[in-house]
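Atoms within a ligand are numbered from 1 in the order they appear, just like the ligands themselves. One is the number of the first residue; the rest follow in order along the sequence. Here the structure is a predicted model, which is why all the values come from computation and not from measurement.
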Amino acid sequence: ASSSTAPAAARPLPYEAIPRSGRSAWLSLYRLWRSNSFQRFHLVMQRNFQRLGPIYRETVGTYNCVNVLLPRDAAQLFQSEGIFPRRMGIESWIAHRQLRNHKCGIFLLNGEEWRSDRLILNKEVISPAGTRKFLPFLNAVAQDFVTLMHRRISKNTRRSLTVDLYGDLFRFTLEASSYALYGERLGLLEESPNAESQRFISAVETMLRTTLPLLFMPPGLMRWLNTKLWRDHIEAWDTIFKHADKCIQNIYQEFCLGQPRKYSGIMAELLMQAELPLDSIKANITEFTAGGVDTTAMPLLFTLFELARNPSVQTAIRREIAEAESQGPRELAKVLNSMPLLKSALKETLRLYPVGITVQRYPTKDVVLQNYCVPAGTLCQVGLYAMGRSPEVFSNPERYDPLRWLSKEDNSFKALAFGFGARQCIGRRLAETEMMLFLMHVLRNFRIDTVSKADIPTVFGFILMPEKPPLLTFRPLD
Ligand SMILES: C[C@@H](NS(C)(=O)=O)c1cncc(N2C(=O)c3ccc(Cl)cc3C2(C)C)c1
């Protein structure tokens, strides 16, 4: 007989009962568009969670999804992602590839096509073995950045430099990722960086900025209207592909004339392995080239700013770097692994300023989130920006405190800035290594100060960015 004392398991509430952010989808779209709130989408989501609780449904235009912010709901969601995890596609990007007859890279692929490319690329791009091979290339560029800063400082009598680092950080990340990808220096850290690469950097920015409004509108309509927004978007894509194609042609030409004997970057390895056809290598290398600029430059800027306004944290990290170096010459990977505080500072930056403000999945089976039944195939997303600043998830969320990641507290499913599982960011190790090396060399050579201690307002332009870049002061350490 069933025990009458056991409490009846709370039957999950129906999907329709999930609180909703707005009544009419089109009214919400109109409101977002009128108040140009696309750029504050992360703040709109945060306010919705404060108003409606840890789960709510959002319908904006044709876009309908369930939003969650607690780690255990993220865990539930990822446990039902299946072997072909899927995010919302970006129609305007796919439309460009079709228009120009380009293959898609893994970001835009799904199902078996995604999985076969991803498994081949993992070996060179995110595996520990692959990371160890391109790590010295990133180190060389990080050291060149420090040399550039010293050269600039020596030019003025004040022995300090106050600078808006925005442009320099884009040049650093493009120089570093291009060197790891193509085995070739672009020379962006010299006095006169070449104009073509500068055009590429601004094309990536234009492409990202024009992606945002296109996310919520059917691209077919935009293309038919041939609006300026659409023309700028396509023109930016064409510049991106032209730049990547030139780099790829150079290395392909050399490759046909004789295979390089030593490691000369990710692209050369993929050509030599010959497991991916050339047009797939091109499609993915183009994604990595364009995806490796803004995504990594932003967290560096935010970290430098936070270390400037938290001098005690900056000093503690500088001490950890000196300690790691004092253990004699070792393999660089080992040096990086002996700087847990520096690695936690990056986690803390990505908690407060997540480059991708959400992680999305379509569950392949019905899933229960916050005791509501969410049917398979429903678009669900984890609000990373809101999670990172939720007092329910992080104590004193507004405090920049890297030590919180080294405490014995259970932090599972709280560090989701690179996503999760088989479909997580493939550039994760490249980005983490690039940022760790940059900060190690910069903090070992300079003290970082900032005049303003006030919070930096952020805008969402497909990636999370500062509304106005902060001014930073570099003083050489004697
Ligand atoms: C910001 C975040 N959005 S996300 C993936 O979380 O929704 C993100 C994270 N990692 C990489 C990117 N990429 C770019 O920036 C980008 C530009 C041009 C191309 Cl052809 C491909 C890309 C990718 C998608 C690699 C974007």
Side-chain angles (χ1 to χ4, degrees), residues 38-39 41-42 45 63 65 74 85-97 99-100 102-110 114 117-118 121 125-126 170 173-174 177-178 181 200-212 214-215 233-234 236-245 247-248 266 280-299 302 350 353-361 379-385 387-388 416-421 423-432 434-435 458-465:
F38 291 126
Q39 300 216 323
F41 207 51
H42 54 308
M45 278 181 71
Y63 164 93
C65 84
R86 229 159 45 81
R87 285 185 297 269
M88 195 175 93
I90 305 189
E91 297 306 315
S92 66
W93 292 22
I94 295 170
H96 165 264
R97 304 302 187 272
L99 187 66
R100 298 288 191 246
H102 287 308
K103 257 191 175 177
C104 288
I106 54 171
F107 179 74
L108 296 172
L109 292 174
N110 283 309
W114 161 77
D117 273 21
R118 174 83 197 220
L121 293 165
V125 182
I126 192 170
F170 282 134
T173 56
L174 179 57
S177 51
S178 298
L181 290 168
F200 171 77
I201 290 172
S202 41
V204 174
E205 273 193 272
T206 304
M207 183 282 292
L208 293 174
R209 181 171 42 74
T210 52
T211 294
L212 197 65
L214 290 170
L215 273 184
H233 189 62
I234 293 300
W237 271 125
D238 289 342
T239 307
I240 288 170
F241 272 78
K242 211 178 296 156
H243 167 88
D245 205 48
C247 300
I248 290 165
I266 291 164
S280 291
I281 295 178
K282 279 186 176 182
N284 283 294
I285 290 289
T286 301
E287 279 194 5
F288 302 163
T289 309
V293 186
D294 303 52
T295 49
T296 312
M298 292 303 109
F302 286 121
L350 290 169
Y353 312 97
V355 171
I357 59 170
T358 64
V359 183
Q360 303 170 339
R361 286 294 184 274
L379 173 62
C380 299
Q381 57 182 10
V382 184
L384 297 186
Y385 183 86
M387 180 196 284
L416 293 172
F418 288 98
F420 174 81
R423 189 133 206 190
Q424 72 176 275
C425 173
I426 199 170
R428 171 180 202 151
R429 297 281 175 253
L430 183 74
E432 284 174 340
E434 199 174 304
M435 296 190 289
T458 48
V459 290
F460 175 60
F462 186 71
I463 73 168
L464 193 68
M465 312 188 288

Would you call [X] and [Y] a side-chain contact if the rule is heavy atoms closer than 4.5 Å?
X: Phe41; Y: Leu212; answer: no
X: Phe38; Y: Leu215; answer: no
X: Arg97; Y: Trp237; answer: yes

Which ligand 1 atoms does [X] reach within 4.0 Å, using its non-hydrogen atoms?
X: Gly356; result: 6 (O)
X: Gly291; result: 13 (N), 14 (C), 15 (O), 16 (C), 17 (C), 22 (C), 25 (C)
X: Ile463; result: 1 (C)

>> With a 4.0 Å cut-off on N to O distance, would you call Glu432 and Arg428 a salt bridge?
In response: yes
>> Run the side-chain contact (heavy atoms from CB on, under 4.5 Å) test on His233 and Trp93 for me, step by step, so that the C-alpha distance in whole Å, both residues' side-chain angles and the decisive distance to 0.1 Å come before the verdict.
In response: CA-CA 9 Å; His233 189 62; Trp93 292 22; 3.8 Å; yes
Can you find a non-hydrogen atom of [X] under 4.0 Å from ligand 1?
X: Asp294; answer: no
X: Gln424; answer: no
X: Met207; answer: yes
X: Phe288; answer: no

Taking [atom] as the reference point, the nearest protein heavy atom with its distance:
atom: atom 7 (O) of ligand 1; result: Phe462 CZ, 4.4 Å
atom: atom 5 (C) of ligand 1; result: Phe107 CE1, 3.3 Å
atom: atom 21 (C) of ligand 1; result: Trp93 CZ3, 3.6 Å

> Would you say the side chains of Asn110 and Arg423 form a donor-acceptor pair under 3.5 Å?
Replying inline: yes
> Do His42 and Thr458 get their side chains close enough for a donor-acceptor pair, meaning under 3.5 Å?
Replying inline: yes
>> Can you tell me which portion of Trp237 lies within the under-4.0 Å heavy-atom range of ligand 1? Options are side chain, backbone, both, or neither.
In response: side chain
> Heavy-atom contacts under 4.0 Å between Arg97 and ligand 1: side chain, backbone, both, or neither?
Replying inline: side chain
>> Check the orientation of Phe241 and His102. Use parallel for under 30°, tilted for 30 to 60°, and perpendicular for over 60°.
In response: parallel
> Looking at CG of Asp117 and CD1 of Ile281, how far apart are the two atoms once the value is rounded to the nearest 0.5 Å?
Replying inline: 9.5 Å
> Relative to atom 12 (C) of ligand 1, which among Leu108, Thr286, Thr295 owns the nearest non-hydrogen atom?
Replying inline: Thr295
